[in-house]
Amino acid sequence: MKQADLVIIGGGPAGLCAALSALKSGSNVLIIERNKDLGGQLRKQTHMFFGSEKQHASLRGIDIPEILLSQLKEYEDKVEILTDSTAVGLYEDGVITVLKKEEDYFKIKPKVTLVATGAFEKALAFPNNDLPGIYGAGAVQTLMNVHGVKPGNKVLMVGAGNIGLIVSYQLMQAGVEVKAILDAAPRIGGYLVHASKVRRMGVPILTSHTVKEAIGKNELEKAIVCQVDEKFMPIEGTEKEFDVDVMCISVGLTPLNELLAMRGCEMKYIPQLGGLVPLRDENYETTVENIFVAGDATGVEEASAAMVEGYLAGLCAAAKIGYKPENFEERRTDYMKQLKDLRSGPAGGHILSGIGQVLIGGKNV
Amino acid sequence: MFEKTGIPSKEMIMEKFPPIERINEGPVAVVECYQKIPCNPCQTACKFNAIIVGEDINNIPEFYPNKCTGCALCLSKCPGLSIIVVDGSKSKDRVEVRLPYEFLPLPEEGQIVKGLDREGEYITDVKVIKVLNPKSFDRTPIITIEVDRRFLYTIRNISVEA
Ligand SMILES: Cc1cc2nc3c(=O)[nH]c(=O)nc-3n(C[C@H](O)[C@H](O)[C@H](O)COP(=O)(O)OP(=O)(O)OC[C@H]3O[C@@H](n4cnc5c(N)ncnc54)[C@H](O)[C@@H]3O)c2cc1C
């Protein structure tokens, strides 16, 4: 069985920053990533990121992995990266089972494990939602921004959160027509600068609207939408028809963390964090000793927060197995302050109220 | 309404515009950021301390038109593309407006393109004066257009026919 100091599952922004942080403290690191490339969600984000300079704000998401990977290079002899490798199990004895390219199946026994597996998309139920042409926003982004394939020609975007707004903008940049963006909520959920950006391209944003049904024989041909009341119930007689060949569903994400549940970490359902999340302490250690967590897997937030959580969790995980640098407290305080700053605005309020419910020991970061 | 449509009201827009006297003196930024979000690259971009977000990065940027030189460096740094530069010093009946534009094809200098408002509606034809797209702008080109002065407060976008 393969042995390792620190194993990080997931090579997105949280996982990469966790690796950098632990390496800086002197630990060896093994990263397991199921995709061909590292970077997670960042690989699809062609827009400029908000945040502050410390989290690479104003750079485009796609360019951030490059920066993190070049920093990783400095530790070449201490880091091992397994791509095309999925962690499929996390067992009571600490063993991780890994499947590489669906052929090579093996076990790893690390001293400490950090789970940074990100999140997955929520679905929306309506008649014929399985017609070809109806995609999740993640699939649309992967087609368009990773593989350079247009998903279709006329799109109805469902969901006016940041993802819905940003993917609409990217679709237009790819030359695809966006007919409208709708959201069942009475207000636009995403940042209003992103909303204004698509609005001044002429795309209407229909709040208090939902999809009634999709129509099509072999593929999507039409979408019927209608208005909803304050209780999100459809209002009869308000139906509108859109001739579209693509419907893009972006109604939110849910943390991806079954591995933690499997391992026996205590989990709790927290709507503000997007679903089931692990209880954890200030250092991002779960209720199971030596199992840490960071990024969207702890609660759906932003890459900026995911990166800082990664730095913090990586620092603490390495310290747990003996790699505690002299400036440990200084670094820990700095990361905590960055997280506090990111979450101190109105948007951070509900994240904080969610975190308050999963934080062991009660103190908020 | 803004939160339902993404279209700022006239009052909101006017509040963000520097006084007309300042605009007539020469190029100056209009920072159309209306919401508290954790973001501060505009402050970092401004070498003249004309945009201040401050200690709490969720603050709405404060803009000081008299410190602003109209250099437009902040335009391609704002992730929300919320900043434009207006210049009323060039002529009595026209203004120059610089805006970020991230679509292909880019317009050509001298080309007449459609000027759009904040709803994406056509308002008037405008002439493209300059197209800047250096590496440092990181794929957010800045287009300078010449517009009838009547549309100073409404022009916000362009549409370029392929
Ligand atoms: C359209 C869109 C726009 C966004 N815009 C912004 C923005 O402007 N600013 C911002 O800060 N954030 C933005 N975000 C959010 C940001 O992308 C995420 O918050 C961030 O990527 C989360 O990082 P993470 O490392 O936790 O997860 P991810 O990036 O999802 O990475 C998780 C990684 O784990 C891997 N993985 C999962 N399960 C396993 C397994 N069992 N074994 C091995 N590997 C596994 C995945 O393949 C993936 O690479 C945006 C997101 C989207 C979708």
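Keep in mind that this is a model prediction, so the values were computed, not measured. Protein chains get the first letters and strands the later ones, always in sequence-line order, with residue 1 at the start of each.
- A:Val193 is not listed as a side-chain neighbour of B:Gln35, based on a closest heavy-atom distance of 4.5 Å or more.
- Between the A:Arg199 side chain and the B:Pro8 main chain, no donor and acceptor come within less than 3.5 Å of each other.
- Looking at A:His47, there are no atoms closer than 4.5 Å to chain B (heavy atoms on both sides), in backbone or side chain.
- Listed for the B:Asn58 side chain is a donor-acceptor partner under 3.5 Å among the backbone atoms of A:Asp341.
- Side chain of A:Arg60 to main chain of B:Arg139: a donor-acceptor pair is present (N/O by atom type, distance under 3.5 Å, no hydrogens or angles).
- With contacts defined as side-chain heavy-atom distances shorter than 4.5 Å, the pair B:Leu81/A:Met48 qualifies.
- Under the 4.5 Å side-chain criterion, counting only non-hydrogen atoms from C-beta, B:Phe2 is in contact with A:Ser196.
- Under the 4.0 Å criterion applied to side-chain N and carboxylate O atoms, B:Glu55 and A:Lys337 are assigned as salt-bridge partners.
- Contact of B:Ser76 with chain A is made through the backbone alone, with heavy-atom distances under 4.5 Å.
- Within the 4.5 Å cutoff, the side chain of B:Tyr34 has no heavy atoms near those of the A:Leu192 side chain.
- With A:Gln173 contributing its side chain and B:Glu102 its backbone, the two residues share a donor-acceptor pair below 3.5 Å.
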Item to check | Criterion side chain to side chain contact (heavy atoms under 4.5 Å, CB included) on B:Leu99 and A:Arg200, from CA distance to verdict | outcome: CA-CA 12 Å; B:Leu99 26 93; A:Arg200 62 177 175 260; over 6 Å; no
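- Of the two parts of B:Asp56, only the side chain, counted from C-beta on, holds a non-hydrogen atom closer than 4.5 Å to a non-hydrogen atom of chain A.
- Both the backbone and the side chain of A:Tyr191 come within less than 4.5 Å of a heavy atom of chain B.
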